[in-house]
Amino acid sequence: MSHVLAVLEQRDGSLRKISHEVVTGARRLADALGGEVHALVLGAGPVSGTDAAGRYGADKVITATHAGFANYAPEGYARAAADRAKSGGYGAVVLAASAQGKDLAPRVAAKLGAPLAADVTDIAVDGGSVVVTRPVYAGKALLKVKITAAPAVVSLRPNVFTPVERPKAGTAETTAVTGEAGRVVVKGIKAAAGGALDVAEAPIVVSGGRGLKEPANFKLLEELAQAFGGKAAVGASRAVVDAGWRPHGDQVGQTGKTVSPSLYIAVGISGAIQHLAGMRTAKVIVAINKDKDAPIFKVADYGIVGDLFEIVPK
Amino acid sequence: MKIAVCIKRVADSETRVKIAADGKSLDEAGVKFILNPYDEFAVEEALQRKEKAGSGEVVVIACGSQSSQETIRTALAMGADRGVLLEATGVPADGLAVARALAAELKGGAYDLILFGKMAIDDCNHQVGPMVAELLDLPCVTCVAHLTIDGGKGTAEREVEGGMEEVEFPLPALLTADKGLNEPRYPALKGIMAAKKKPLEVKPAAFGAAGLEILAMTPPPERKEGRIVGEGAAAVPALLKLLREEAKVL
Ligand SMILES: Cc1cc2nc3c(=O)[nH]c(=O)nc-3n(C[C@H](O)[C@H](O)[C@H](O)COP(=O)(O)OP(=O)(O)OC[C@H]3O[C@@H](n4cnc5c(N)ncnc54)[C@H](O)[C@@H]3O)c2cc1C
Ligand SMILES: Nc1ncnc2c1ncn2[C@@H]1O[C@H](COP(=O)(O)O)[C@@H](O)[C@H]1O
C-alpha cells in the first residue's frame, strides 16, 4: 500500500482546471496501489477552487505557501514538491504535462533521483509497478513503459484523463515553505491576443488551414469558437502559421502542439501526416473540406464536403 | 563566452515509423537521421552568442552510438569548435540516466551557458535539460523562445497556456531552446570542410542504473472509418445532430 502525491497547478490564486485531471489520474493509481491521494498546491496564500480536489478524489489537500510563490517559481516549487514527496514516502508523484508541469516534473524527478515518465496517455499498476503508455515519434508510435524505480513520477497529457467525480474527504491542510523561492524568477505572463484558452488544453479546437484563403477569414473560425461558449480555441495548420496568418502558439501538429480535445474541427486543412500527428488522438474529429479525397477525411469521424465559406457560418 | 550544447541524433520527422522485430524499438532500416531540430536552435544560439561576445568556445556533446559522430560533425560544420561523443550502444529511455551521463561530462567545464533542445523528437521525453540543471545545481529556464543576456543576467520568454511567461535568471545558466529562438544557419561548404579537421573526442557514457523498462512499442490505434455526412451547408443540421446525439460531444 502506498499513497500518491498529486501536484496541482494554480494561476493568479485559482486552481487551474487541469488539476482536476491530475487528481483523477492520481486517484486511479492510488486505488490500484491501495493508498490515499494527497494533493499539493503551491501558492503565495490560500488558493481558490481547491475544494474541487476532494470531489475528484483527494483524501487530503495540502496548500504549501511561500511569499515568492504567487507566480511559478521553478526552483522553489521543485524543492517544496520533492521535500513533500520524500517526507510522505509516496509510491507515485503525478503532475500535469502542461507548460508548468513540463518544466517542474523533470526537476522534481531529478531531486528524487527517480525516473520520469512524461506526457503519458494511460496509467495502470501491474504486479505492484506503475506501467504507462506514452506517445513517441510525435504520436506515430506508442511506448508501453514499466517504471522500475520508486517513486514513480509521471506527467499526464492534458485532456486525456477526463475528470471523474470520486468524492473523498479532501481535508485541508496548510504549511509554510521556508528557504528561498529560487534564482530563476518569473516576472509574469504577457497575455496572448487570442485569450486565455490554449489549443493544447481546450476541450474543443476549431482549426483552420490554407483553405481559409486569407488571414482575415479566421474571423469565421473565431466566431464559431465563440459559439461554443468559451470552451473552444482556434488552432491552425503549419501552412498558415508559416505564412504569418496565425501565431506559432496556435499551430497543431508535429512541430506545433499535440492536442487531444473531445472535438476537433478541421476547416480547410488537407490533413498532411505532420498535421495528423498533432490531433489524431482527439475524441471526435470533424472535417470540412471541398476536396472529397483530402486525407483529413481518412481520420475524420464526420465530414462535410463543400465550400467552407458556405458551411462554417452554419 | 564558453558555451556547451547537448545534441542528439534522431530519426527525421518525416520518418514513417516501422516497429522493429523486437517489438520495442524503431526499425532503423532506410531511416534518415538528423540533428534534433530543437538542438539546432540551441547550436545556432550558442554560435550567435559567441560571435557577439567576440571570443569564446562552443563545445557540442552528444551521447549515443558511433553514428552520432555524424551529428556532431553537422554541428561542427555550422561553426561549433569541438565535439565530445559519450559513446554507448544505445540511449536509455530513462531521461535521468542520460542526464547523469551528460552532467558528468559538463561538470567542472566552467561554461557560462549550457544549451539544450526543449525536447528530442524521437522519445519526446522533454526532460533531460532541466534534469541536468538539477544535477549541476544551475539556474535553468526551459522552452526559451526569446532571449536577452546583459552582463551576468538574462531575460527569457517562454510560451505557456494563453501567453508568454517572462523569466529572469543569473548566469551561468542552463537553457532549453524552443522554436522561435532564432533561424538556424545551414552549414556552408567551407564549414563542412573545416568540420572534418575539428577535434572530436570519444569517451564512454556513464548512465548509472535506469529506472524505465520498455515493454512494447505499438502503432497508434487506427481511427475507425468515419463517414461523410453530406455536401455543402445543407449537411450542417445533420452534423450537429450527430455530434449531439451520437458522439455526445456538444
Ligand atoms: C518537418 C515538417 C514538419 C511539419 N509540421 C507540421 C505541423 O506541425 N503542423 C502542420 O499542420 N503541418 C506541418 N507540416 C506541413 C504539412 O506537411 C502540410 O504542408 C500542412 O499541414 C498543410 O497545411 P494546410 O492543410 O493548411 O494546407 P493545404 O495542404 O494547402 O490544404 C488546404 C486544404 O483546404 C481545402 N480548401 C481550399 N479551399 C477550400 C474551401 N473554400 N472550402 C473548403 N476547403 C477548402 C483544400 O481542398 C485543401 O485540402 C510539416 C511539414 C514538414 C516537412
Ligand atoms: N543522447 C543525448 N545526447 C545528447 N543530448 C541529449 C541526448 N538526449 C537528449 N539530449 C538533450 O536533451 C534535450 C531534451 O531531450 P529529451 O528529454 O530526450 O526530450 C535534447 O533536445 C538534447 O539537447
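Computed from a prediction, not measured in an experiment: that's the story for all the values here. Numbers restart at 1 for each chain; the letters A, B, ... are given by sequence-line order, proteins then strands. Heavy atoms only: backbone and side chains are in, while hydrogens, waters and symmetry mates are out.
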- Query: When rounded to the nearest 0.5 angstrom, what distance separates CD1 in A:Ile204 from CG in B:Leu250?
  - Reply: 6.0 Å
- Note on the structure: Pair count under 4.5 Å, heavy atoms only, with chain B: among A:Ile304, A:Ile273, A:Asp307, A:Thr133, highest is A:Ile304
- Message: Under 4.5 Å from any heavy atom of chain B, what part of A:Leu143 do you find: side chain, backbone, both or neither?
- Response: both
- Kindly compute the distance separating OH (A:Tyr302) from CD1 (B:Ile228), expressed to the nearest 0.5 Å. 13.0 Å
- Query: Where do B:Val160 and A:Asp198 come nearest, in terms of heavy atoms and distance?
  - Reply: O-OD1, 4.2 Å
- How far apart are the closest heavy atoms of A:Gly139 and B:Pro220, and which atoms are they? O-CG, 3.4 Å
- Bottom line for B:Ile214: the part with an atom under 4.5 Å from chain A's heavy atoms is both
- Query: Got a sec, which pairs hit side-chain hydrogen bond (donor to acceptor under 3.5 Å, both in side chains) with one end in residues 115-127 of chain A, sequence neighbours left out?
  - Reply: A:Arg28-A:Asp122, A:Asp119-A:Arg157
- Task: Kindly write out the residues that satisfy salt bridge (charged side-chain N to carboxylate O under 4.0 Å, His left out) with B:Lys18, not counting sequence neighbours, or none if the list is empty.
- Result: B:Asp27
- Quick one: of B:Leu135, B:Val141, B:Asp137, who has the most non-hydrogen atom pairs under 4.5 Å with chain A? B:Asp137
- Query: For A:Val199, is it the side chain, the backbone, both, or neither that has a heavy atom closer than 4.5 Å to a heavy atom of chain B?
  - Reply: neither
- Item | Residues that B:Arg185 engages under side chain to side chain contact (heavy atoms under 4.5 Å, CB included), provided they are two or more places apart | B:Glu44, B:Leu47, B:Gln48, B:Glu51, B:Met78
- Query: Checking heavy atoms, do the side chain of B:Pro37, its backbone, both or neither come under 4.5 Å from chain A?
  - Reply: neither
- Message: What part of B:Glu14 gets within 4.5 angstrom of chain A, counting heavy atoms only: side chain, backbone, both, or neither?
- Response: both
- Message: Quick check for you: among B:Leu26, B:Asp122, B:Asp94, which has the greatest number of heavy-atom pairs under 4.5 Å with chain A?
- Response: B:Asp122
- Task: Counting only heavy atoms closer than 4.5 Å, note whether A:Ala114 contacts chain B via side chain, backbone, both or neither.
- Result: backbone
- Message: Taking side chain as everything from C-beta outward and backbone as N, CA, C, O, which of these in A:Lys290 sits under 4.5 Å from a heavy atom of chain B? Side chain, backbone, both or neither.
- Response: neither
- Task: Under 4.5 Å heavy-atom distance to chain B, tell me which part of A:Pro135 shows up: side chain, backbone, both or neither.
- Result: backbone
- Task: Count the heavy-atom pairs under 4.5 Å between each of A:Leu104, A:Ile18, A:Thr148 and chain B, then report the option with the highest count.
- Result: A:Thr148
- Query: Which residues, numbered in order, of residues 104-114 of chain B come under 4.5 angstrom of chain A by heavy-atom distance?
  - Reply: none
- Greatest number of heavy atom pairs closer than 4.5 Å to chain A - which of B:Gly226, B:Ala173, B:Pro130, B:Ala216: B:Ala216
- Message: If you count heavy atoms of other groups shown closer than 6.0 angstrom to CD of B:Glu246, is the number above 12?
- Response: yes
- Query: Does A:Asp242 CG have over 12 foreign heavy atoms under 6.0 Å away?
  - Reply: yes
- Item | Greatest number of heavy atom pairs closer than 4.5 Å to chain A - which of B:Glu166, B:Arg16, B:Glu231 | B:Glu166
- Query: When heavy-atom pairs shorter than 4.5 Å are enumerated against chain B, which of A:Leu308, A:Ile285, A:Ile288, A:Val132 gives the highest number?
  - Reply: A:Ile285
- Item | Proximal component of B:Ala210, with respect to chain A [non-hydrogen, under 4.5 Å] | backbone
- Item | Under 3.5 Å: donor-acceptor pair, side chain of A:Lys140, backbone of B:Ser13 | yes
- Query: Within the distance-only criterion (no hydrogens, no angle test), does the side chain of B:Glu161 pair as donor or acceptor with the backbone N or O of A:Glu201 below 3.5 angstrom?
  - Reply: no
- Task: Check each atom of B:Lys118 against the heavy atoms of chain A and say whether the ones under 4.5 Å are side chain, backbone, both or neither.
- Result: neither
- Shortest non-hydrogen contact from A:Asp301 to B:Arg223? OD2-NH2, 2.9 Å
- With a 4.5 Å heavy-atom cut-off, do A:Asn71 and B:Glu165 have their side chains touching? no
- Roughly how far, to the nearest 0.5 Å, is the CD1 atom of A:Ile147 from the CD atom of B:Glu213? 11.5 Å
- Answer with side chain, backbone, both or neither: which region of A:Ala200 has an atom nearer than 4.5 Å to a non-hydrogen atom of chain B? neither
- In terms of heavy-atom pairs under 4.5 Å with chain A, the winner among B:Thr142, B:Val249, B:Leu212, B:Val167 is B:Leu212
- Task: Against chain B, label A:Arg280 side chain, backbone, both or neither, depending on which of its atoms sit under 4.5 Å from a heavy atom there.
- Result: both
- Task: Check whether A:Thr281 gets within reach of chain B through its side chain, its backbone, both or neither, counting any heavy atom under 4.5 Å.
- Result: backbone
- Query: Any side-chain heavy atom of B:Leu96 sitting closer than 4.5 Å to one from A:Leu116?
  - Reply: no
- Item | Pair A:Arg107-B:Cys140, side-chain contact (heavy atoms from CB on, under 4.5 Å): steps then yes or no | CA-CA 10 Å; A:Arg107 298 174 190 262; B:Cys140 165; 3.7 Å; yes
- Message: Using side-chain heavy atoms (C-beta onward) and a distance below 4.5 Å, is B:Arg158 in contact with A:Asp103?
- Response: yes
- Task: Could you tell me whether a side-chain N or O of B:Lys179 sits under 3.5 Å from a main-chain N or O of A:His248, the two making a donor and an acceptor?
- Result: no
- Query: What part of B:Ala247 gets closer than 4.5 Å to chain A, counting heavy atoms only: side chain, backbone, both or neither?
  - Reply: both
- Query: Any side-chain heavy atom of A:Arg134 sitting closer than 4.5 Å to one from B:Cys124?
  - Reply: yes
- Message: Rounded at 0.5 Å granularity, tell me how far CD in B:Glu134 sits from CG in A:Leu112.
- Response: 10.0 Å
- Top contributor to chain A contacts, counting heavy-atom pairs under 4.5 Å, from B:Val10, B:Val229, B:Val128: B:Val229
